[in-house]
Trainee: 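First the structure, then my questions, so here it is.
Naming convention: chains lettered A, B, ... in sequence-line order (proteins, then strands); numbering from 1 in each chain.
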Protein chains: 2
Amino acid sequence: MSTRQRSGATSSDVAALAGVSQSAVSRAFTPGSSLAEEKRLRIVEAAKKLNYVPNSIARSLTTRRSNIVAVILGNTANPFYLQVLEAFILRLQGQGRQVLTFTVPNGGDSDEAILRVLRYQVDGVILTSAQLSTRMVSLCHDRGIPVVLFNRYIPGSDASGVRCANAEGGRLIAEAFLAAGARTFAMIHGDPKGTTSQDRARGFVDKLAEAGIARSAITSLEGHSVYDGAFNAVSRHYRDGKAKLPDAIFGINDIMAMGAIDALGQRFGLKVPDDVMIGGFDDIAEGRRFPYRLTTVRQPIDTMVEKALDILHLDEPLRPIQPGIDVQVPGRLIWRQSIPAPRSRTPDGAA
Amino acid sequence: MSTRQRSGATSSDVAALAGVSQSAVSRAFTPGSSLAEEKRLRIVEAAKKLNYVPNSIARSLTTRRSNIVAVILGNTANPFYLQVLEAFILRLQGQGRQVLTFTVPNGGDSDEAILRVLRYQVDGVILTSAQLSTRMVSLCHDRGIPVVLFNRYIPGSDASGVRCANAEGGRLIAEAFLAAGARTFAMIHGDPKGTTSQDRARGFVDKLAEAGIARSAITSLEGHSVYDGAFNAVSRHYRDGKAKLPDAIFGINDIMAMGAIDALGQRFGLKVPDDVMIGGFDDIAEGRRFPYRLTTVRQPIDTMVEKALDILHLDEPLRPIQPGIDVQVPGRLIWRQSIPAPRSRTPDGAA
DNA sequence: GTGAAAGCGCTAACAT
DNA sequence: ATGTTAGCGCTTTCAC
């Protein structure tokens with residue numbers, strides 16, 4: 001039956017009860033500030049009695065640091081980015097920081113989200129799988145808020161970012177297909193404007209070209225980064241023998257590779273890898289499992305998250321923001337059963 | 001090359017440029033406050049010129065409202081709760097509110113998260129699939145911060161909550177199994193301390209009892225709410241014909257039902273529903289798809305999210321917190337292929 | 001309708 | 001080591 005007015009005890013209340021100054025209370029809750037141990041104890045006790053909790057909002061106002069980091073998510077339909085979100089939350093929580101989470105519609109831009117973020121004086125912004133105008137990046141940087149792009153980059157912008165070595169990853173899948181004897185190919189693209197999809201496709205095509213595969217032997221399908229998109233694209237394109245089935249299909253991400261597998265199986269009764277081989281990208285949990293057992297390129301989420309936070313350097317707020325950092329982390333090919341492994345490889349890609 | 005010091009223009013800067021008082025600027029950005037239109041325009045223009053963005057932190061300090069809502073997530077391994085998170089974010093974003101996201105280890109309690117939340121003067125707390133001590137609930141309520149539990153309740157606490165009618169859902173699955181002719185059963189439990197799992201199991205067992213099924217004809221397995229848990233439990237329990245296979249298995253949530261299906265298929269070459277029928281709960285996207293095509297109880301996420309926000313009544317902060325509200329939203333049985341449908345039903349549960 | 005002034009709860013010099 | 005003081009950027013009476 002409590003009313004929504006009261007806001008709990010303040011440091012002054014605690015100070016009064018403990019018989020010290022208000023700043024002493026502040027110090028008692030600021031690690032590393034000088035305060036007699038005896039006094040600190042008395043304060044902590046008084047605080048406990050009053051259920052005092054320091055007000056971070058007030059603190060932020062003076063320190064200009066909120067201990068809040070914004071994470072902006074595009075494409076929440078891809079479990080990979082949810083995994084990424086979780087990794088950020090876990091890490092940041094461990095550092096005593098909070099995560100303000102935003103989502104933007106798939107393919108939409110995050111400018112509006114950024115504007116809201118700015119109001120909250122966040123200490124940093126992480127942008128995942130979403131577009132961002134360079135103007136917004138400057139807006140953040142001008143205020144001393146570092147921005148880091150996750151698996152994305154804006155050519156010609158001074159936004160920093162970390163990403164998987166997507167082109168190289170695309171090459172890895174191409175190599176795997178070639179090693180398994182494939183000669184005709186299809187690939188299912190994600191967001192056509194997204195650099196991630198483009199880079200993976202480019203690496204894939206380049207490697208194939210080096211092996212003497214003509215571009216005309218590679219069909220392009222649009223899957224829009226989602227399961228249904230890939231499912232439908234495959235269903236439509238190969239319906240009634242309308243188009244000849246390739247030896248191998250590269251899903252630019254796992255969720256689309258899964259959609260492709262299901263379309264093949266459900267629509268045409270085709271088995272992977274016996275009838276068609278499939279490669280993916282990301283290594284999401286769903287793809288690791290039976291019945292998919294996807295051969296894929298694993299993105300090392302933890303490493304990428306760590307590097308992203310390094311770029312933010314939240315612990316040294318005074319260090320100037322370094323523009324234009326572009327960290328690439330190599331992916332690793334994980335052999336499972338959606339591509340027949342050459343004899344020299346063992347399943348599950350043990351190193 | 002910007003430094004991390006500067007914080008952007010303040011309302012005073014804007015006021016100076018526009019030749020008005022600082023409070024006028026404040027009013028210009030507060031909908032519904034009285035200000036001459038001509039003046040407002042001048043202010044907005046000046047603001048734009050300075051890239052002024054109101055500081056919500058400062059605003060919160062005076063208004064005691066942050067426009068931030070905390071969402072605490074347990075069990076992020078279950079895609080269902082990620083979907084719930086997304087639903088909350090979308091809705092709250094639409095109201096101009098931000099979401100502070102926390103995760104707590106599966107089965108752990110959220111008391112620490114709550115303590116952090118209190119510092120930020122959040123306007124409300126949503127707790128999903130995690131434990132919470134009643135002491136923390138009072139702490140929040142004493143400060144006027146409403147708490148709502150999502151799919152969970154704390155018996156004897158005055159925390160409010162919304163949940164799916166879990167027991168009734170369990171009954172629905174039992175009915176489906178019975179209609180399909182099953183006479184022996186297993187169920188895979190989730191978090192044994194969680195009310196959600198308990199309620200679903202109870203409803204399931206009760207309905208079966210009414211149909212004359214002895215409790216001894218129902219095997220209990222522990223799946224710990226996760227895919228692997230269910231996969232392993234099924235693999236172990238039925239290994240080498242150690243135990244006799246039941247006619248039907250109820251996965252207390254979809255992700256475990258999926259684990260069970262895969263264990264059956266991969267370990268024992270068993271087909272669903274031909275050899276064993278399987279029922280789930282939640283209706284997550286992954287379970288809807290081929291090859292699972294899970295018959296399950298759909299939780300109406302949007303309705304539940306809406307009711308949860310109603311309980312928070314964020315728009316009327318002065319209205320006292322109503323303790324002990326317990327909203328139950330009925331689930332709906334969705335027929336797919338993991339339970340053979342009686343003739344009178346059509347697949348995909350068209351109403 | 002509009003400005004002046006008093007805080008919101010805290011931190012950070014600055015004294016002592 | 002500790003108290004005093006001056007803000008942080010905003011909202012909100014209170015006069016006018």
Trainee: Using whole Å, report how far CD of B:E37 lies from C1' of C:dT2.
Mentor: 15 Å
Trainee: Given atom CD of A:Q121 and atom C1' of D:dC8, what is their separation to the nearest angstrom?
Mentor: 10 Å
Trainee: When rounded to the nearest 0.5 angstrom, what distance separates CG in B:D191 from OG in B:S225?
Mentor: 5.5 Å
Trainee: What nucleic acid atoms does B:T10 come within less than 4.0 Å of, heavy atoms only: base, sugar-phosphate, or nothing?
Mentor: sugar-phosphate
Trainee: What parts of residues 39-63 of chain A reach DNA chain D, counting only heavy atoms under 4.0 Å away?
Mentor: A:K39, A:L61, A:T62
Trainee: Please report the end-to-end axis angle for the helix from C:dG1-D:dC16 to C:dT16-D:dA1, five pairs per end, rounded to 10 degrees.
Mentor: 30°
Trainee: For the residue pair A:S60 and A:S66, what are the closest heavy atoms and their distance?
Mentor: OG-CA, 3.3 Å
Trainee: To the nearest angstrom, how far is A:Q22 atom CD from D:dG7 atom P?
Mentor: 16 Å
Trainee: How many whole angstroms separate atom CG of A:D13 from atom P of C:dG9?
Mentor: 8 Å
Trainee: Atom CZ of B:R65 and atom C1' of C:dC8: how far apart are they, to the nearest Å?
Mentor: 15 Å
Trainee: Between the base of D:dG9 and the side chain of A:R64, is one N or O donor paired with an acceptor at under 3.5 angstrom?
Mentor: no
Trainee: Can you establish whether the number of heavy atoms outside B:Q95 located under 6.0 Å from its atom CD is more than 12?
Mentor: yes
Trainee: Can you find a pair of side-chain heavy atoms, one from B:R97 and one from B:I68, that are under 4.5 Å apart?
Mentor: no
Trainee: Classify the nucleic acid contact of A:S11 as base, sugar-phosphate or nothing, counting any heavy atom under 4.0 Å across all strands shown.
Mentor: sugar-phosphate
Trainee: Answer whether the closest heavy-atom distance between the side chains of B:V69 and B:Q98 falls below 4.5 Å.
Mentor: no
Trainee: Report yes if the side chains of A:T128 and A:N151 come closer than 4.5 Å at any heavy-atom pair, otherwise no.
Mentor: no
Trainee: What does B:S26 touch in the nucleic acid at a heavy-atom separation under 4.0 angstrom: a base, only the sugar-phosphate, or nothing?
Mentor: base
Trainee: Look at the side chain of B:S110 and the backbone N and O of B:Q131, then say whether any donor-acceptor pair between them is shorter than 3.5 Å.
Mentor: yes
Trainee: Could you state the atom-to-atom distance from OH of A:Y120 to P of D:dG9 in whole Å?
Mentor: 17 Å
Trainee: Given that B:S23 and A:T30 both sit by DNA chain C, which one's nearest nucleotide is further toward the 5' end?
Mentor: B:S23
Trainee: Do A:F88 and A:F150 have ring centres separated by under 6.0 Å?
Mentor: yes
Trainee: Hey, are the side chains of B:L132 and B:V137 touching, using non-hydrogen atoms and a 4.5 Å cut-off?
Mentor: yes
Trainee: Could a donor-acceptor pair under 3.5 angstrom be found where the side chain of A:R27 meets the base of D:dG3?
Mentor: yes
